[in-house]
Amino acid sequence: MFQRQRVWLFTPPAGTSAFGINTLGEGDRVWALLPSCRQPNPDDPRDPCPVGRVTIEVITGAGQVQSVGPTDVATTPNARRVVSFVIPRTVDVIRMKILKNDGTMRYEAAVHREQLTNLPAPEGRAQGSTYVFDLTRYPSL
């Protein structure tokens, strides 16, 4: 369902420091690639920014989810964004939410933290202190 909202979840490559993931401590690491926002257009009824952010919170278990972002993946206007998360291994179940810019919830799901190990690695390549996604593999709109 996240992909239907154009939100892509990944396990970041080992050793990467991109998008602030290295500042968040120990645990299961997750990147959420969000769709871009665009300028409002009176001739286009679609929401110009369908996803404002993604959150992950603890339902059961001990610890707190750490996050940073959304961080732009490029310097171009209305770039795609990434949110980095680290979920402690002492957490059992998490709630993931997709929120609009105004905080309205678009979707939520509860999953066992262990299921995060099934997330794929992103397609792309490390480039210095960042990561360049192959965005052709991850449609935005």
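All values derive from a computational prediction rather than experimental measurement.
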For residues Tyr138 and Asp134, report the shortest heavy-atom separation together with the two atoms involved.
CD1-O, 3.4 Å
Nearest heavy-atom contact between Gly25 and Val86 is O-CG1, 3.8 Å
Which atom pair, heavy atoms only, marks the closest approach of Asn101 to Gly52?
OD1-CA, 3.1 Å
Are Val93 and Leu9 co-members of a hydrophobic cluster defined by side-chain heavy atoms under 4.5 Å apart?
no
So, do Val65 and Val58 sit near enough that their side-chain heavy atoms are less than 4.5 Å apart?
yes
Can you check whether Glu114's main-chain N or O pairs, donor with acceptor, with Thr117's side chain at less than 3.5 Å?
yes
Grab the two heavy atoms, one from Arg80 and one from Arg6, that are nearest each other, plus how far apart they are.
NH2-O, 4.5 Å
Between Thr16 and Arg29, is there a side-chain heavy-atom distance shorter than 4.5 Å?
yes
Assess whether side chain to side chain contact (heavy atoms under 4.5 Å, CB included) is satisfied between Trp8 and Arg137, documenting all intermediate values.
CA-CA 10 Å; Trp8 304 87; Arg137 305 288 296 154; over 6 Å; no
Picking from Val7, Leu135, Val54, what satisfies side-chain contact (heavy atoms from CB on, under 4.5 Å) with Leu33?
Leu135
Point-to-point distance, once rounded to the nearest 0.5 Å, from CZ of Arg89 to CG of Leu116
11.0 Å
Can you name the residues that form a side chain to side chain contact (heavy atoms under 4.5 Å, CB included) with Pro88, not counting sequence neighbours?
Thr90, Val91
Spacing of CG belonging to Asp28 relative to CD1 belonging to Ile87, to within rounding of 0.5 Å
6.0 Å
Salt bridge flag under 4.0 Å for residues Asp44 and Arg46:
yes
What distance separates Ile98 CD1 from Arg106 CZ, expressed to the nearest 0.5 Å?
7.5 Å
Does Ile59 belong to the same Ile/Leu/Val/Met/Phe/Trp/Tyr cluster as Val111, with side-chain heavy atoms less than 4.5 Å apart forming each link?
no
Which pair of non-hydrogen atoms, one from Ser36 and one from Pro50, has the smallest distance, and what is that distance?
O-CD, 4.2 Å
Which pairs count as ring-ring contact (aromatic ring centres under 6.0 Å, His included) when at least one residue sits in residues 27-82, sequence neighbours excluded?
Phe19-Trp31, Trp31-Tyr131, Trp31-Phe133
To the nearest 0.5 Å, how far apart are CZ in Arg81 and CZ in Arg53?
11.0 Å
Measuring from atom CD of Glu57 to atom CD of Glu108, what distance do you get when rounded to the nearest 0.5 angstrom?
8.0 Å
Looking at every heavy atom in both Val51 and Leu34, which two are closest together, and how far apart are they?
CG1-CD2, 4.0 Å
ILVMFWY network linking Ile56 to Leu99, side-chain heavy atoms under 4.5 angstrom:
no
Indicate if Leu24 and Phe10 have the same hydrophobic cluster label, given that clusters are the connected sets of ILVMFWY residues with side-chain heavy-atom separations under 4.5 angstrom.
yes
Rounded to the nearest 0.5 Å, what's the gap from CE on Met96 to OH on Tyr107? Could you check?
8.5 Å
